[in-house]
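Working notes, beginning with the structure itself.
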Amino acid sequence: MAVDLTRSLASVRFGYGLMPGRPPHPADELLVSLTSPDEMRRRHPLPGLDEVGGLTAEARRLNRGYREGKIPRAERDAARKRLQTLGDEVRKATILRAVDSPTPFRERLVAFYVDHFTARPGLASWLAPFIDEAIRTNVAARFEDLLWAVARQPAMLFYLDQNGSIGPGSRFGEKRGLGLNENYARELLELHTLGVDGTYTQADVRQLAELLTGMRVNLAEGFRFDERAAEPGAETVLGRTYGGRKADERDVQLALADLARHPDTARHMARKLAVHFVADDPPVALVGHVAAAWTRSGGDLLQVYAALLEHPAAWELPLRKVKQPADFLVSAIRALGVDGAALSALTEKNFRRAVTRPARYMGQPLLAPDGPDGWDEAPEAWITPQGLASRIQWAMQTPPRLVEDMPDPRDFVEAALGPLASPRLRWAAGAAETRGQGVAVVLASPDFNRR
């Protein structure tokens, strides 16, 4: 029973729960799973930067032609529709990958970093390369590599207005009267690395913003460093000077590497990982242990995760975290034994009805947090009257639409939670008048909604 409990806890706390017919995920294989081939990226592919950039450039060209009276409206609208469809595919693939994945810890980490580096570009289609080429590729690398990959993603540069940040003393700035935008520099320090309590000043924000000038996006080529927009001269961030010669993206990369290894970043990221995976108010010892691994390894993420997983606090019961809506939906679909092929077979309307719309009603529209600080981890953000009502409604109405033969609730509670199910929930599931009601009782229960 101890082994089953540990495996079940590993599957729920660090994955998306249990699945019928699939053994619980062994705790000692969580790290190993991060070094295995990324099967979900192959099975549920997303368009790359070239395709997204090309379609965006074409859509803009057609829009200009339409405004000039040279292009029919239908042709312009068709190009827009293609980009919107790509955005829908990003959201759908995110769910399909989580539902199908035999390595759910990887999917949870990808979701964590997509939220940590929140980007909401004007077109959701730009999230495809952001997720696949920056986040998924570096989820088990060094944090400085992940940070640098994100920094060159058009989705991030679009979202935080970096494309319009011009060095006042640069050729573009002097000629066109354009100026500095500090948005990205501020979020890099406050959210992505040091944290809101980090030891930085407004002068550091300004100097980093000047160093970042030149980091721009070309729709046809993606990221590029444009020295014509870069502020000339050296910049000093947190006491260290960068540049001073010809403007170069390597100076930005050095600055981000130093930020990634900074002690404030180690503490900030250690606490954020502990809050996300373990408890809203994690033990100080757990955070310190993870931060020490970060500092010791220079931000080697595999060693950081190892420190998180080896600490006893990561395996304490009871479950304390509340599942966010996306986690609830994925874990419920997995518990029902529904796979990605079955979800893919749904019509676009029925997929929205089963997944996309309920996520929004529960308070978490997929991949669309309100601000650059991402989704709230606090339980009161999700356990609201509307949020709870939406979960209960989903548990009552959606499973029969996804599963032709509803499982026996007494079997379902074991398949969904195993030894983590309380005696009261087992009794309630068995006492339900119908199978549908019993399954709904399990899915709407506090036991199932915690991780």
Side-chain angles (χ1 to χ4, degrees), residues 40-97 99 114 118-136 152-164 176 216-224 226 326 329 340-362 364-372 398 401-402:
M40 290 303 97
R41 185 174 175 182
R42 184 197 65 80
R43 190 184 303 182
H44 303 294
L46 288 175
L49 185 59
D50 291 345
E51 181 178 352
V52 174
L55 286 174
T56 303
E58 177 67 3
R60 290 194 175 185
R61 183 188 69 79
L62 293 174
N63 191 49
R64 286 195 301 270
Y66 169 72
R67 291 200 308 267
E68 295 168 358
K70 301 176 181 178
I71 298 293
R73 179 173 181 173
E75 190 173 348
R76 188 276 310 266
D77 291 349
R80 288 182 173 180
K81 180 63 176 176
R82 284 196 296 274
L83 284 173
Q84 291 172 356
T85 299
L86 281 183
D88 292 338
E89 289 177 4
V90 175
R91 287 182 280 268
K92 188 171 185 178
T94 299
I95 297 297
L96 296 179
R97 289 169 172 182
V99 166
V114 169
T118 291
R120 286 192 65 184
L123 294 167
S125 51
W126 281 98
L127 290 175
F130 176 76
I131 293 171
D132 275 3
E133 299 171 20
I135 304 296
R136 294 190 76 94
R152 289 174 291 162
Q153 276 294 316
M156 181 61 70
L157 300 180
F158 282 144
Y159 179 51
L160 293 177
D161 305 312
Q162 182 60 35
N163 217 40
R176 304 179 186 179
R216 311 192 75 198
V217 177
N218 179 292
L219 289 180
E221 303 170 5
F223 168 79
R224 60 174 177 153
D226 191 343
L329 290 168
L343 285 181
S344 295
L346 296 176
T347 64
E348 184 178 339
K349 177 181 178 180
N350 284 338
F351 185 84
R352 287 198 303 267
R353 187 181 184 186
V355 179
T356 312
R357 195 177 301 144
R360 186 172 70 250
Y361 291 160
M362 294 175 197
Q364 192 178 35
L366 299 178
L367 299 176
D370 290 335
T398 304
R401 297 171 183 156
L402 299 177

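Every heavy atom of this structure was used, including side-chain atoms; hydrogens, water molecules and symmetry mates were not. Here the structure is a predicted model, which means the values were calculated and not measured. One is the number of the first residue; the rest follow in order along the sequence.
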Those residues that, when tested against [X], pass side chain to side chain donor-acceptor pair (under 3.5 Å) (two or more places apart):
{"X": "Arg216", "value": "none"}
{"X": "Glu133", "value": "none"}
{"X": "Arg152", "value": "none"}
{"X": "Arg61", "value": "Glu58"}

Would you give the length of the straight line joining atom [atom1] of [X] to atom [atom2] of [Y], rounded to the nearest 0.5 angstrom?
{"X": "Met156", "Y": "Asn163", "atom1": "CE", "atom2": "CG", "result": "14.0 Å"}
{"X": "Asp88", "Y": "Gln84", "atom1": "CG", "atom2": "CD", "result": "7.5 Å"}
{"X": "Leu83", "Y": "Thr56", "atom1": "CG", "atom2": "OG1", "result": "4.5 Å"}
{"X": "His44", "Y": "Lys92", "atom1": "NE2", "atom2": "NZ", "result": "10.0 Å"}
{"X": "Arg82", "Y": "Leu55", "atom1": "CZ", "atom2": "CG", "result": "6.0 Å"}
{"X": "Asn350", "Y": "Thr356", "atom1": "CG", "atom2": "OG1", "result": "11.0 Å"}

Residue pair [X] / [Y], side-chain heavy-atom distance below 4.5 Å:
{"X": "Leu49", "Y": "Trp126", "value": "yes"}
{"X": "Leu346", "Y": "Leu402", "value": "yes"}
{"X": "Arg97", "Y": "Leu46", "value": "yes"}
{"X": "Leu366", "Y": "Thr94", "value": "no"}

Closest approach of [X] to [Y] (non-hydrogen atoms, all atoms of both residues):
{"X": "Ala119", "Y": "Phe130", "answer": "CB-CZ, 4.2 Å"}
{"X": "Arg120", "Y": "Leu367", "answer": "CG-O, 4.4 Å"}
{"X": "Ala128", "Y": "Val90", "answer": "CB-CG2, 3.7 Å"}
{"X": "Pro47", "Y": "Glu89", "answer": "CD-OE1, 4.5 Å"}
{"X": "Gln153", "Y": "Pro129", "answer": "OE1-C, 3.4 Å"}
{"X": "Leu329", "Y": "Ala354", "answer": "CD2-O, 4.3 Å"}

Quick one: list whatever passes ring pair (Phe, Tyr, Trp, His ring centres under 6.0 Å) with Tyr361, sequence neighbours left out.
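Tyr361 satisfies ring pair (Phe, Tyr, Trp, His ring centres under 6.0 Å) with no other residue.
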
Check whether more than 12 heavy atoms from other residues, nucleotides or ligands sit under 6.0 Å from atom CZ of Arg224, and answer yes or no.
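Yes, CZ of Arg224 has more than 12 neighbouring heavy atoms, counting only those of other groups under 6.0 Å.
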
Hey, does the side chain of Arg41 reach the backbone of Asp132 with a donor-acceptor pair shorter than 3.5 angstrom?
yes

Donor-acceptor pairs under 3.5 Å, side chain of residues 69-77 to any protein atom, not counting sequence neighbours: which ones?
| from | atom 1 | to | atom 2 | distance (Å) |
| --- | --- | --- | --- | --- |
| Lys70 | NZ | Glu68 | OE1 | 3.4 |
| Arg76 | NH1 | Asn63 | OD1 | 3.2 |

